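These notes are about the structure you will find just below.
Quick note on labels: first sequence line is chain A, next is B, and so on, each numbered from 1. Here the structure is a predicted model, which is why all the values come from computation and not from measurement.
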Amino acid sequence: MASKKYILEMFPYPSGNIHMGHVRNYVIGDICARYHKLKGDEVIHPMGWDAFGLPAENAAIQFKTHPQDWTLKNIKNMKDQLQKLDLDLDWDRELATCNEDYYKHQQELFIDLYNAGLAYKKDALVNWDPVDQTVLANEQVIDGKGWRTGAAVEKKNLSQWFFKITDYAEELLNDLDNLELWPEKVKTMQKNWIGKSIGAEIKFKIIENDVFLNVFTTRPDTIYGASFIAVSINHPIVKKTLDKKKIENIKNKFSKISHEKDKMGVQIPIHCKHPLMDKKIPVFIANFVLDNYGEGAIFGCPAHDERDYEFAKKYSLPIIKVIECDDDALPYSGDGVLINSPLLNGLNKDDAIKEIIKIFMKEKIGNEKVNYKIRDWGVSRQRYWGCPIPVIYYENGDYRVLDKEELPVILPYDINLKGKGNALINNDEWRKIICQKTNKIAYRETDTLDTFVDSSWYYIRFLNNKLTKPFRKEDINKMLPVDKYIGGIEHAILHLLYSRFFMKALRDIHNLKVNEPFQQLFTQGMITHKTYKTKNEWIMPKDVMLKNGKLMRVDTKEIVTEGPSEKMSKSKKNVIEPGEILENYGIDATRIFMISDSPPDRELEWTDDGIQSSKNLIHRIERYFDQEKNNTDEETERRVERFISDIEKNILAFSLNKCVADIYTLFNYLEKNKIFLYDNILSKKILICLFPILPKLSLSINRKL
RNA sequence: GCGGACGUGGCGGAACUGGUAGACGCGCAGCGUUGAGGUCGCUGUGGGAUUAAAUCCUGUGGAAGUUCGAGUCUUCUCGUCCGCACCA
């Protein structure tokens, strides 16, 4: 039964050269695609280039070239390299995100999102990468550091464009359950990132000025144990209460804390009224309250929360037990019977939560609330080499999102990249325009879109890369979702979450029938290699030789120590160049080694023995088909039939290492029993099975027979 | 701390719904071909007992359980890797 199969590997960033990770990725996908083509399926197997992004700008400055020239040259080079891998790709679908013919459609999608209320501009405290001189999305900040530069991220208040991914938080979370062919690990990571929690929002009245302070909690049942309120240093109430200098002082104090988890707080001169009791509660600025979660404010219940407990101990605040437990069990955050809580006494935790929310609603002091960790996706980047955002600003500060008829906004080629920051700001020739609608002077938006926007819909553009609009509805409904998407796990949150959001947003805007972009996700493992080091530096494996049982450096004869197998990386120099391997071992051996040894989703250790034995297998198969034909028997037929079904089963299950074992098993049997098939019909069957894995070998033998 | 994955020879890894554990490969050992090496061919290779064969014992991190039967199922426990982490 023929059907459509959309096989996709994550498209590469054109950094200059293909590396072994690409080779593994694309060989896995290629085997899949070739298999389905053999089965008569309508296969889409495209390739393109994730071509915008900062490395091009940095390289342009370093090598005195232009980001576009550098990128296009790299694309050409890498395309040559890819074509040497015998990949069956639909090159007529090729696209590069830096081409006008791609990004102009993206500008249209931006307008769609804007019109649907899913793109908006706001002042926000954003993550600023001081090295790359640009804003980063929350997803791009890892351990407080920029994902590319590793530089400590600063907080900056800037006016920025956002995509309203939070509108889809619930659906993005729920639909994970339907993605049965995604790795559990990736789904869990997305689940955690979305971070849904159910609780209550409570309004605390500030006694001094009759304003209300909103607080989010998952434990409203412990409200009678509240003995302080704590807010983040960036909470609006702080600005209203303290002057700038004092705020700066506190910020400084907080930043000087030695242990990250130590608690520190400063009481401010306001108090809240307890919503259910006649009680004054002090308000603190506390270092452990996050400004980007919930309301940026909490009520502290020291008896039943570890952090609140620690804080209360340090500042001698009352610890009021409201859930029955031993005193030495404090802080106790488990379930139990409510005490010291007039309206809740005797209830357990869950019932108390339900009851107290009812009371809050009745008294109009709070309500049930679902809170998500995920924030809206900040897409503005203060960089030149990206998709221009189709927006103009008037001299009075107003802005207008352009109409589709006014597109494209073309990124200017002439640019001076020498200064710091975004070069577009200084390019008045491009920036300053006369607004077609108002005839007023206007300035173009100089921020460009995050490159993750580019990669959020490229799988859609592949369906028809020549269309004068971004896509055709029928194509999407017919060809999406992608059946098998293969790539590295490093995109578990970023790219894969953004793409899911994009698909859903476009579905709602254009009334599409597709909910998810990628039906099956397969995350391939890294390639590792032993590391080698002389006294002072890492050296490449090819510069190491073994002499008298000792490892030494080929040119200087220095003693070399061998380290454990680690992910191939330029810094540790434990890389193997695909070009050299292809030259020395050939495409067939390279392909088969990529899938030998380890299952494709696990690490693959590169070894010289491994690639050599792959080469030996290729020679062995060639030699086998040189032998003169003799008689076969039924057992041989059975063996070949089993081989066929095993290969099919294992390709479909991505158990490609088992395919290699199947090949060995078959040839072991044939050679051991001296059964030579030559041009027997069974040979054809075997060669067809070998074709997806070893296309070149299979074809060349077939020609000979 | 929370969550996920996993634990099988010297190594990478097989074992479909419980049914001969270790397929297949690497490595290693012996022999042969070649004779500089690599390639190539044959044999052996979980551990232990036995001169050897036959044979026996033991064996999937550990402990207990279900079962005629457990690498596989259940409970507990130990360990490794990964992700998130002051998330109220």
Side-chain angles (χ1 to χ4, degrees), chain A residues 138-139 142-144 183-202 214-220 222 226 228-232 254 257 259-264 286-302 304-311 331 333 369 371-375 489-490 492-493 523 525-526 528 565 592-593 595-620 623 645-646 649-650 653 655-669 671-672:
Chain A
N138 291 327
E139 288 81 359
I142 293 145
D143 284 341
E184 213 48 51
K185 188 178 181 177
V186 174
K187 290 197 275 184
T188 313
M189 282 164 78
Q190 293 210 354
K191 222 171 261 179
N192 291 341
W193 185 262
I194 295 166
K196 179 180 183 176
S197 52
I198 300 168
E201 188 175 76
I202 307 170
N214 285 344
V215 157
F216 175 74
T217 177
T218 53
R219 292 297 302 274
T222 63
F228 67 95
I229 299 276
V231 300
S232 142
F254 283 180
I257 291 177
H259 292 289
E260 217 177 80
K261 291 202 172 173
D262 278 354
K263 304 288 176 286
M264 185 182 267
N287 68 329
F288 68 96
V289 180
L290 304 172
D291 54 61
N292 54 5
Y293 184 76
E295 303 286 340
I298 60 159
F299 79 76
C301 176
H304 305 292
D305 182 284
E306 215 173 297
R307 293 153 303 175
D308 297 348
Y309 185 83
E310 217 184 297
F311 192 81
S333 57
K369 169 97 191 240
N371 195 53
Y372 299 92
K373 239 165 66 174
I374 191 170
R375 305 284 94 190
I489 195 152
E490 65 273 17
I493 296 174
T523 52
M526 300 180 306
T528 65
S565 211
I592 204 123
F593 182 54
I595 59 167
S596 302
D597 291 348
S598 307
D601 55 349
R602 289 201 215 163
E603 279 183 2
L604 171 69
E605 188 183 1
W606 184 277
T607 60
D608 292 343
D609 290 333
I611 183 74
Q612 183 58 50
S613 79
S614 297
K615 178 76 178 165
N616 295 345
L617 175 63
I618 302 301
H619 282 317
R620 183 176 162 192
R623 276 197 312 273
S645 77
D646 285 349
K649 191 179 72 193
N650 288 328
S655 301
L656 301 177
N657 55 320
K658 288 193 236 168
C659 287
V660 180
D662 294 336
I663 295 172
Y664 276 108
T665 306
L666 178 72
F667 285 95
N668 285 350
Y669 172 80
E671 291 189 330
K672 186 159 250 172

Given RNA chain B, 5'-ward residue of the pair Lys185(A) and Phe299(A), judged by closest heavy atom: Lys185(A)
The Watson-Crick or G-U wobble partner of rG12(B), with both key distances under 3.5 Å, is rC24(B)
So what does Ser613(A) hit on the nucleic acid, given a heavy-atom distance under 4.0 Å: a base, only sugar-phosphate, or nothing? sugar-phosphate
With a non-hydrogen cut-off below 4.0 angstrom, is Val289(A) in contact with a base, only sugar-phosphate, or nothing? base
Want to settle it: does Met189(A) or Tyr664(A) sit nearer the 5' end of RNA chain B, counting the closest nucleotide to each? Tyr664(A)
Sugar-phosphate, base or nothing in reach of Arg620(A), heavy atoms under 4.0 Å: nothing
By the Watson-Crick or G-U definition, both distances under 3.5 Å, rU17(B) is matched with none
Side chain to side chain contact (heavy atoms under 4.5 Å, CB included) between Phe216(A) and Ser197(A), worked out: CA-CA 10 Å; Phe216(A) 175 74; Ser197(A) 52; 3.9 Å; yes
Hey, does Lys263(A) reach any base, or is it just sugar-phosphate, or nothing, if we go heavy atoms under 4.0 Å? base
Taking the same atom, P, in rU34(B) and in rG41(B), what whole-Å distance lies between them? 16 Å
Taking atom P in both rG9(B) and rU72(B), what distance in whole Å separates the two? 15 Å
With sugar-phosphate meaning primed atoms plus P, OP1 and OP2, does Asn292(A) contact a base, only sugar-phosphate, or nothing at under 4.0 Å between heavy atoms? nothing
Any side-chain to backbone donor/acceptor pair from Asp308(A) onto Phe228(A)? Under 3.5 Å, distance only. no
Anything under 4.0 Å to a heavy atom of chain A counts; send over the first and last such nucleotide of RNA chain B, read 5' to 3'. rG3(B) to rA88(B)
Side chain to side chain contact (heavy atoms under 4.5 Å, CB included) assessment of Asn192(A) paired with Met189(A): CA-CA 5 Å; Asn192(A) 291 341; Met189(A) 282 164 78; 5.8 Å; no
Assigned partner base of rC81(B), Watson-Crick or wobble definition, under 3.5 Å: rG4(B)
Across all strands, who's sitting opposite rA29(B) as a Watson-Crick or G-U wobble pair, both distances under 3.5 Å? rU43(B)
Cation-pi between Lys263(A) and Phe311(A): NZ/CZ under 6.0 Å from ring centre and within 45° of the ring axis? no
Classified by glycosidic angle (syn within 90° of 0, else anti), rG9(B) comes out syn
Could you work out the separation of rU60(B) and rA14(B) based on their C1' atoms and round it to a whole Å? 13 Å
Measuring from Ile298(A):CD1 to Ile202(A):CD1, what's the distance to the nearest 0.5 Å? 11.5 Å
Sequence neighbours excluded - salt bridge (charged side-chain N to carboxylate O under 4.0 Å, His left out) pairs with any residue from residues 598-620 of chain A: Lys530(A)-Glu605(A), Arg620(A)-Glu671(A)
Ser598(A) to Asn657(A) - nearest heavy-atom pair and separation: O-CB, 3.6 Å
